[in-house]
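Inspection log for the structure reproduced underneath, given as structure tokens.
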Amino acid sequence: MDKEMNKYRADFPILAQTVNDEDLVYLDNAATSQKPQTVIDAIVNYYRNDNANVHRGVHTLAERATAQFEAVRQKVARFINAPTSEEIIYTKGTTEALNWVARSYGERFVKAGDEIVISYAEHHSNLVPWQELAKRVGATLKYLDLTADGAVDLAKAEATITAKTAIVAVNQASNVLGVANPLAQLAQLAHQNGAILVVDGAQGAPHMVTDVQKMGADFYAFSGHKLLAPTGIGILWGKGELLAQMAPLEFGGEMIDWVELTQSSYKKAPLKFEGGTQNIEGVIGLGAALDYLEQVGMDKIAAYEQELVAYVLPKLQAIPGLKLYGPKDPKKHTGVISFNLDQIHPHDVATALDMEGIAIRAGHHCAQPLMRYLDVAATARASFYFYNTKQDADRLVEALLLTKEFFGNGTI
Ligand code: PMP
């Protein structure tokens, strides 16, 4: 698929630069993606031509801005196959979306003695909000074991998800191990036990076809910035009947229906959750990003990333002293590849690669319990997106070989 996919790279102006005198190879897409010119243009055009506050005005600019703002809700609904755009709530990102579920749904429906079940492979934003909720309401936080690949182990999950479970919260795909979770089966298990399924889609939505109805989720969260959109905009989707029972979290303009001196009534979802002036430019950028992704095709993106991984994984495995985490089978792998090289600290690996113009990430990747589960302090992580090429993969492998030579298999 190289020829078909490599043409998109030119749409991302930031990629056409040198870093440390080398052509930039950007392999930090799990942290954030780069933005195509169409997204940059959409934001600039909005400020040049249409800028106004939404929902409030009857003047032409306000109507234009509102129409664009609300049209994106429909695009998001289509992108994740939500039944209606009324279930699409704008947030700052995945973190805010998951915190809102923990507070607004959790504090109402999770009771003392209930259990909240997450996996050892969760990002801190799908972990700490549940810890805090458990403390507040007197619930217990339990962890799902992982398979050797790093996905939730379904066989063992049956012992963990029980009639005491109120919430199961897992990632669609891991930001460290590059493996997707069996969500439909987990949804079934959760629902059989009267629990709901919350899905952290931060590393799934950018890379695979997402269908919240097929996966059986009750809530689904993702961040715009990991799928070509600006930072500061994300989505919470929730089933309408659940959103209807949840209280707003922020009170003020825009979310009210009627305000009296001593009490107020609120709008219905989604607007009851969107207090105050929203990130309108972010929403418009997200709309342009989804248009772009739709034109490329999420199925093509998934297939091409798998092709890239199938190309690079054996080359990485052939480097003596390189330890890979996550699935060894490229078919089970998303474009996120975590590894360690000999005894070299992953930060040193990332710094050495930066000298070669290659951007990767090193650290605990906001998943400290997973690091302890894997018995490592940190990993290096190269994460691919559809604008990466096999040449990028080759540059990574060459630079790792150089790094190994430089450090001489040890620490400095
Ligand atoms: N979950 C996962 C799996 C992630 O990779 C990230 C981002 N690193 C988040 C949640 C949090 O996303 P954000 O910082 O955009 O809120």
Side-chain angles (χ1 to χ4, degrees), residues 26-35 76 80 89-103 118-132 143-144 146 150-152 167-181 183 186 197-208 210 212 215 217 219-237 249 279 282-283 285-286 289 305 325-326 333-338 350 359-371 373-374 378-385:
Y26 185 76
L27 295 175
D28 195 17
N29 293 289
T32 199
S33 71
Q34 297 303 348
K35 319 302 170 198
V76 174
I80 61 172
I89 301 160
Y90 294 131
T91 68
K92 269 196 312 209
T94 306
T95 304
E96 186 170 78
L98 293 169
N99 273 278
W100 282 4
V101 179
R103 283 171 57 202
I118 65 173
S119 89
Y120 284 108
E122 297 314 312
H123 187 280
H124 295 160
S125 34
N126 196 31
L127 190 164
V128 186
W130 305 119
Q131 272 181 352
E132 288 296 322
Y143 284 81
L144 290 160
L146 307 177
V152 169
I167 293 179
V168 178
V170 291
N171 63 73
Q172 186 179 13
S174 162
N175 67 316
V176 178
L177 298 172
V179 61
N181 267 322
L183 296 175
L186 284 167
L197 179 70
V198 180
V199 177
D200 168 359
Q203 300 292 341
H207 302 287
M208 55 187 79
T210 293
V212 291
M215 75 172 62
F219 290 100
Y220 180 85
F222 72 90
S223 298
H225 69 93
K226 293 185 202 278
L227 45 70
L228 316 184
T231 46
I233 182 67
I235 296 296
L236 171 63
W237 167 80
L249 289 161
N279 179 2
V283 169
L286 175 63
E305 284 180 22
Y325 305 95
H333 226 295
T334 68
V336 175
I337 303 176
S338 270
I360 66 159
R361 188 155 291 250
H364 55 61
H365 314 295
C366 298
Q368 289 179 1
L370 178 61
M371 295 294 117
Y373 187 88
L374 297 172
T379 72
R381 180 185 74 182
S383 52
F384 290 79
Y385 210 4

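Order of appearance sets the numbers: ligands from 1, and atoms from 1 within every ligand. Basis for what follows: all heavy atoms, side chains included, without hydrogens, waters or symmetry-related copies. Quantities reported herein were computed from a predicted structural model and do not represent experimental measurements.
Partner of R381 under the side chain to side chain contact (heavy atoms under 4.5 Å, CB included) criterion, chosen from D28, L177, L27: D28. Tested against V170, the residues D200, I118, L144 include a single side chain to side chain contact (heavy atoms under 4.5 Å, CB included) partner, L144.
Atom CD of residue Q368 and atom CD of residue E122 lie 14.5 Å apart, to the nearest 0.5 angstrom. The NZ atom of K35 sits 8.5 Å away from atom CG of L227, with the distance rounded to the nearest 0.5 Å.
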Pick out the protein N or O atoms lying less than 3.5 Å from any N or O of ligand 1, and list each pair with its distance.
{"residue": "ligand 1", "atom": "1 (N)", "partner": "D200", "partner atom": "OD1", "Å": "3.2"}
{"residue": "ligand 1", "atom": "1 (N)", "partner": "D200", "partner atom": "OD2", "Å": "2.5"}
{"residue": "ligand 1", "atom": "5 (O)", "partner": "Q203", "partner atom": "NE2", "Å": "2.6"}
{"residue": "ligand 1", "atom": "8 (N)", "partner": "H123", "partner atom": "NE2", "Å": "3.2"}
{"residue": "ligand 1", "atom": "8 (N)", "partner": "K226", "partner atom": "NZ", "Å": "2.7"}
{"residue": "ligand 1", "atom": "15 (O)", "partner": "S223", "partner atom": "OG", "Å": "2.7"}
{"residue": "ligand 1", "atom": "15 (O)", "partner": "H225", "partner atom": "NE2", "Å": "2.7"}
{"residue": "ligand 1", "atom": "16 (O)", "partner": "T94", "partner atom": "N", "Å": "3.4"}
{"residue": "ligand 1", "atom": "16 (O)", "partner": "T95", "partner atom": "N", "Å": "2.9"}
{"residue": "ligand 1", "atom": "16 (O)", "partner": "T95", "partner atom": "OG1", "Å": "2.5"}

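Between Y120 and Y143, the two ring planes are parallel [angle under 30°; tilted spans 30° to 60°].
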- Message: Run the side-chain hydrogen bond (donor to acceptor under 3.5 Å, both in side chains) test on Q34 and Y385 for me, step by step, so that the C-alpha distance in whole Å, both residues' side-chain angles and the decisive distance to 0.1 Å come before the verdict.
- Response: CA-CA 9 Å; Q34 297 303 348; Y385 210 4; over 6 Å; no
